[in-house]
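What follows is a short report on a single structure.
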Amino acid sequence: MIQIRELEKEYGKHQRALDHITQDLDSGIVSIIGKNGAGKTTLLRILSTQLKSSSGDAFIDGLSINKDIKEIRNKIVSIPQEASPIGILTAYEQVFLYLTGKGFSFHSARQESRMALKVVGLGDKMDVPTDILSGGMKRKMFVAMALGCNAETVFLDEPTTGLDPLSRMETWGAIKELTGNVVLTTHYMEEATELSRKIYMMDSGKFIGSGTADELLYDLRGKVRIESKEQMQGSYRIGNIYVKYVDKSDLDRYENLYYSIKQISIEDLFIIRGVDLES
Ligand SMILES: Nc1ncnc2c1ncn2[C@@H]1O[C@H](COP(=O)(O)OP(=O)(O)OP(=O)(O)O)[C@@H](O)[C@H]1O
């Protein structure tokens, strides 16, 4: 369980990335979603003790990120967005080195690395230099590091950004093997829905909602999104298209309009919260 209390981060004097947030994050795998600049990476970096907050505190299993830094670092694994492997080392060598750095004996690091790489589906690639692994395989290797050290809490910052759909699914499979608590950030709504029961939404340095995908979408139940190049009363403008949420039973009222229909997804929450309503 992670408890965030009045956490604030200012970069310089005028850039407030976290705005006094107080929030409990559930155990298990949870996702934090939010637009670019919402504060997700800042939050993860602070929770994983890589960055100091300006004020406030957070507790990971009761340990304070301000006071118990060493103990927290022993319990967590944090994989940043920009993590990239040392290409000339094999996947096995990287995981092995990581585990010895975490205090494992050579013997157990050897065993755990092999086991973790097999579990994430890299059993036949462990002796291949990471330079020649695909993007998804590299990501799975990082997940194997967290798995190998049996971390109680794992932070994954945008674990599948830039991956093709197949590699993304492979990485999801690896993430699901993690046994501890996992906090991941993502822009992909299907990723949040696939991996986590509880989803937390951030915007402008604050949490603006949380729940299961169904709970978050409760207000849009029974509706569809229609998109048109023509302005509609009560529509949202996104670039040169207009978007409106209408009850499925009311669709025939728009029969004179040229539009396409989309099923509701979590993306729609961002449209509703992030785009100004046209007249
Ligand atoms: N080192 C920094 N110096 C100054 N401002 C920063 C720094 N890092 C982040 N910011 C600002 O803080 C805010 C939050 O950034 P952050 O990277 O945490 O958001 P994010 O939700 O992770 O975004 P993205 O989805 O694009 O990764 C943004 O306005 C960003 O410009």
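Atoms within a ligand are numbered from 1 in the order they appear, just like the ligands themselves. What's counted below: heavy atoms across the whole structure, side chains too, no hydrogens, waters or symmetry copies.
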Which of these passes side chain to side chain donor-acceptor pair (under 3.5 Å) with T186: E158, K40, E191? E191
Charged N to carboxylate O below 4.0 Å: is that the case for K35 and D203? yes
Can a salt bridge be assigned to the pair E194 and K176 using a cut-off of 4.0 Å between side-chain N and carboxylate O? yes
If hydrophobic residues (ILVMFWY) are linked whenever their side-chain heavy atoms come closer than 4.5 Å, directly or via other members, who joins I76 in its cluster? I2, I4, L7, Y11, L18, I21, L25, V30, I32, L43, L44, I46, L47, L51, I60, L63, I65, I72, F155, V183, Y200, M202, F207
Does CZ in R221 sit with more than 12 non-hydrogen atoms of other residues, nucleotides or ligands closer than 6.0 Å? yes
Could you please spell out the steps behind the side-chain contact (heavy atoms from CB on, under 4.5 Å) verdict for I69 and R73? CA-CA 6 Å; I69 296 174; R73 286 184 183 166; 3.5 Å; yes
Chain-and-number sorted residues having a heavy-atom contact under 4.0 Å with ligand 1 are Y11, Q15, A17, K35, N36, G37, A38, G39, K40, T41, T42, Q81, E158, H187
